[in-house]
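Keep in mind it's a predicted model, so treat the numbers as computed, not measured.
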Amino acid sequence: MKFIVSSSKLFQQLQAVGRVIAPKNSLQILEDVLFDLNGNQLTLTASDGETTIRTVVEVENAEGAGKVAFQAKLLLETLKEFSEQPLSFSIDDNNFGLNITSSNGTYSFVGANGNEYPEMPVEADMNGQFALSTTVLLDAINKTIFCTADDELRPVMNGIFFDLNDNKLTMVATDAHRLVRYTNNAVQAAAPVSFILPKKPASLLRNVLGKEEVEVKVTFGAKNARFEFGQTVIVCRQIEGRFPNYNAVIPQNNQNKVVVDRQTIVNACKRVAVFANTGTSLLKLALSENKIKISAQDIDFSTSAEETIACSYEGAPMAIGFKAPFLIEILASIASNDVLLELADPARAGLILPMENEENQDLLMLLMPMLLND
């Protein structure tokens, strides 16, 4: 087999598919990327055994056809050092040896029989389906993935729950300390559908979804979910199990409400958090009329800090504690200039909402409080 390909295009696509490859694999061939040449289309496939990604690179002057697997790390290390130029690939069909010829040199290594590479999973009953744009999916993943857990005992919390019902898509993630519920009213399906997307393929999608807006077709069955957009396909195994009843943990009728400039409170929290106890990262928010006093201390090192910022507050004076990194991360993930904090009492979860939602969207963040010592 022979073909000529742009060094930068091949490197870009190899980077995209190579992200799925795990550091340790049950099969040695899963450390490779599968090259499948058919005409002037070179299909690249990579997998970790549970998630498989496939994409296409256009090549020129192609001769022959077939499948060969090459070590992903070796290819990437070689290609990243090239400036943009055409590279000539020559593959021996008998021993799977590869010669890459550039303008200045030749690079040779040996691959493996591509027919031994695992096939992309195919499920007969992929009946559930819906479609959405790449921008909507990317935005939804960005707003939810940081709240996913790493919990071996409760694996259903290690992914993003997709719940399509009543002509709206709801995506939820929680680690039992934080919860985010993202709703988009512009996504529809023929019937109610739901599945849990693991964190790794969600992160992979976030990296490969392009800035160009195209339609993403999502289909899924009992075990797998499939995402198709442009010339890229990702198939992954779903997380089995029932996702927690997220609506049941969202407190209602919170009488204490704070409206504050998002960037002001984020910056203040970051400054004060430097002085928080390294074990607890506790931030105390004391709320009173038109002001929030944010404070932290570390008794072990005799350090403390407090800062007062302006706000609009409706409710009785109260103090509540939050874990600083969690609060900062939630506030930083909201795009609105102002945020609304809805609080019931110091022992119940607080809700953090954008004052202005983007078109067709509704975003809700929940954060569990920490016990205050005083």
Side-chain angles (χ1 to χ4, degrees), residues 136-151 157-163 168-185 197 199 202 206 243-270 273 281-285 287 292 294 309 311-315 318 320-370:
V136 169
L137 182 57
L138 182 60
D139 183 53
I141 292 174
N142 283 332
K143 284 183 167 68
T144 53
I145 193 170
F146 71 94
C147 277
T148 53
D150 292 300
D151 192 332
M157 298 171 69
N158 298 342
I160 302 171
F161 179 55
F162 283 65
D163 187 13
K168 66 180 181 182
L169 170 66
T170 301
M171 292 169 58
V172 184
T174 180
D175 61 3
H177 303 287
R178 302 169 291 175
L179 180 145
V180 56
R181 185 188 69 191
Y182 168 96
T183 303
N184 190 295
N185 298 313
L197 177 68
K199 181 188 297 188
R206 184 170 62 170
F243 197 78
N245 183 359
Y246 55 90
N247 286 318
V249 302
I250 299 173
Q252 306 295 324
N253 303 319
N254 303 295
Q255 66 273 22
N256 302 310
K257 298 183 179 182
V258 186
V259 178
V260 62
D261 180 80
R262 185 185 64 84
Q263 199 59 56
T264 299
I265 190 172
V266 166
N267 292 340
C269 287
K270 286 180 177 179
S281 301
L282 173 64
L283 274 185
K284 177 182 175 182
L285 275 62
L287 309 169
I292 307 174
I294 305 170
I309 61 174
C311 70
S312 174
Y313 180 52
E314 296 178 10
M318 67 173 289
I320 189 168
F322 291 117
K323 193 174 186 68
F326 289 174
L327 178 60
I328 292 168
E329 193 170 25
I330 283 177
L331 290 167
S333 69
I334 295 174
S336 173
N337 291 327
D338 294 329
V339 292
L340 169 65
L341 279 67
E342 293 189 359
L343 308 169
D345 59 63
R348 296 180 64 193
L351 300 183
I352 304 173
L353 312 164
M355 286 298 291
E356 308 94 23
N357 276 297
E358 297 175 34
E359 185 180 3
N360 297 318
Q361 292 184 11
D362 182 57
L363 184 66
L364 177 146
M365 307 272 191
L366 178 150
L367 181 59
M368 296 299 295
M370 297 180 68

Working to the nearest 0.5 Å, report the span between [atom1] of [X] and [atom2] of [Y].
X    : Y    : atom1 : atom2 : answer
L179 : L364 : CG    : CG    : 7.5 Å
K270 : I265 : NZ    : CD1   : 12.5 Å
K284 : I292 : NZ    : CD1   : 14.0 Å
L367 : I352 : CG    : CD1   : 5.5 Å
T264 : I294 : OG1   : CD1   : 9.5 Å
I160 : K199 : CD1   : NZ    : 9.5 Å

Heavy-atom side-chain proximity of [X] to [Y] below 4.5 angstrom:
X    : Y    : result
N247 : R181 : yes
L137 : I141 : yes
C269 : L283 : yes
D261 : I309 : no
D151 : N158 : yes
L285 : L327 : yes
L287 : N256 : no
E358 : D139 : yes

Show your reasoning for whether side chain to side chain contact (heavy atoms under 4.5 Å, CB included) applies to K257 and L340. CA-CA 7 Å; K257 298 183 179 182; L340 169 65; 4.0 Å; yes
Of the non-hydrogen atoms in [X] and [Y], which two are nearest, and what is the gap between them?
X    : Y    : answer
S336 : P354 : CB-CB, 3.5 Å
K143 : V180 : O-CG2, 3.2 Å
A173 : C147 : O-CB, 3.7 Å
A324 : A273 : CB-CB, 3.7 Å
A344 : Q255 : O-NE2, 3.2 Å
D175 : M157 : C-CE, 3.7 Å

Short question: side chain of Q252, backbone of I250 - any donor-acceptor pair under 3.5 Å? yes
Say whether, by atom type as modelled, one donor and one acceptor occur between the side chain of E342 and the main chain of G350 under 3.5 angstrom. no
Using only heavy-atom distances, determine whether the side chains of R348 and N254 contain a donor-acceptor pair under 3.5 Å. no
Hits for side-chain hydrogen bond (donor to acceptor under 3.5 Å, both in side chains) against Y246, two or more places apart or cross-chain, chain-then-number order -> D163
Let me know which of E329, K323, M365, M368 forms a side chain to side chain contact (heavy atoms under 4.5 Å, CB included) with R178. E329
Heavy atoms from other residues, nucleotides or ligands near CD of E359 exceed 12 (cutoff 6.0 Å): no
Please report the C-alpha distance between Y182 and V136 in whole Å, then the side-chain angles of each, then the deciding distance to 0.1 Å, and finally whether the side chain to side chain contact (heavy atoms under 4.5 Å, CB included) criterion is met. CA-CA 11 Å; Y182 168 96; V136 169; 3.9 Å; yes
Plane angle bin for F243 and F161 - parallel if under 30°, tilted between 30 and 60°, otherwise perpendicular: parallel
